[in-house]
Amino acid sequence: MKNYNLKSYHVRGMNATTDEEKLAINQELKDLYESLSDEDKKDFNEQLQTFLVKEMAAIKSVYDATKTDDLN
């Protein structure tokens, strides 16, 4: 199974300074996906889902810490 390093796309997208740059990064990711075999697409989707769950958990953790700070 290949590691697609989805975090690198995420970080590049967050650091993009223009909408055009963001669109180019998204297109690069779409092109990568389209180039994959059906089996590799399945692996990619599983890695993407895992990445998104981890990112959402990290965001929730920061949010919850902020809410706790607001109560004190």
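Quick note: numbers below take in every heavy atom, side chains included, and nothing from hydrogens, waters or symmetry partners. As the structure is a computational prediction, the values presented were derived from the model and not from experiment.
- Here A16 pairs with E21, K22, I25 under the side chain to side chain contact (heavy atoms under 4.5 Å, CB included) rule; sequence neighbours left out.
- The distance from atom CG of L29 to atom CG of L48, rounded to the nearest 0.5 Å, is 7.5 Å.
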Problem set entry | side chain to side chain contact (heavy atoms under 4.5 Å, CB included) assessment of T50 paired with V53 | CA-CA 5 Å; T50 299; V53 167; 5.9 Å; no
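- Atom OH of Y33 is separated from atom CG of L36 by 7.5 Å, given to the nearest 0.5 angstrom.
- Side-chain heavy atoms closer than 4.5 Å link hydrophobic residues (I, L, V, M, F, W, Y) into clusters, and following such links, even through other members, never connects V11 to F44.
- Counting non-hydrogen atoms of other residues, nucleotides and ligands closer than 6.0 Å to CE of M14 gives a total above 12.
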For residues 2-10, tabulate all N or O donor-acceptor pairs below 3.5 Å that involve a side-chain atom, not counting sequence neighbours.
{"unit_1": "N3", "atom_1": "OD1", "unit_2": "N5", "atom_2": "N", "d": "3.0"}
{"unit_1": "S8", "atom_1": "OG", "unit_2": "N5", "atom_2": "O", "d": "2.7"}

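- Separation of atoms NZ (K41) and CG (N45) is listed at 9.0 Å; rounding is to 0.5 Å.
- With hydrogens and angles left out, the side-chain atoms of D31 and Q27 include a donor and acceptor closer than 3.5 Å.
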